[in-house]
Amino acid sequence: MTTASASVTLAGTLDPSITEASGLAASALHDDLYYTMSDDPPPGRSGVVVWGVRADGGIEVEVHLLGTDVSNTEGLAVAPCEPGADRRR
């Protein structure tokens, strides 16, 4: 029987304002940028929040999805835009 081992390097910790996060997806456009989202609305806020975080855990961007009424979100994915679409939005 063989066992596989993986090497894990801790690059940083998430900003303390991100108290609970679900899903992690690497940006297709920006090196060193990853997206994660709130599991439930953060305290004092409504709707889901998506954060763009750097590898060191610092927040680069925060997007509030107003009008969302969800609980216990778990998944997040990054997908390509349609050909010719303005990908900077």
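Residue numbers count from 1 along this sequence.
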Do [X] and [Y] share a hydrophobic cluster (ILVMFWY, side-chain heavy atoms under 4.5 Å, transitive)?
{"X": "Trp51", "Y": "Leu65", "result": "no"}
{"X": "Val61", "Y": "Ile59", "result": "no"}
{"X": "Val49", "Y": "Ile18", "result": "yes"}
{"X": "Leu24", "Y": "Met37", "result": "no"}

Minimal non-hydrogen separation, [X] against [Y], with atom names:
{"X": "Ser27", "Y": "Tyr35", "answer": "CB-CE1, 3.6 Å"}
{"X": "Arg54", "Y": "Tyr34", "answer": "C-CD1, 4.4 Å"}
{"X": "Leu14", "Y": "Ala21", "answer": "CD1-CB, 4.4 Å"}
{"X": "Thr36", "Y": "Ser22", "answer": "OG1-O, 3.3 Å"}

Min side-chain heavy-atom separation Val53-Asp15 under 4.5 Å: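 Val53 does not reach Asp15 side chain to side chain.
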- prompt: Taking Asp32 for the side chain and Ala55 for the main chain, is one N or O donor matched with an acceptor at less than 3.5 Å?
  reply: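 Checked: pair present.
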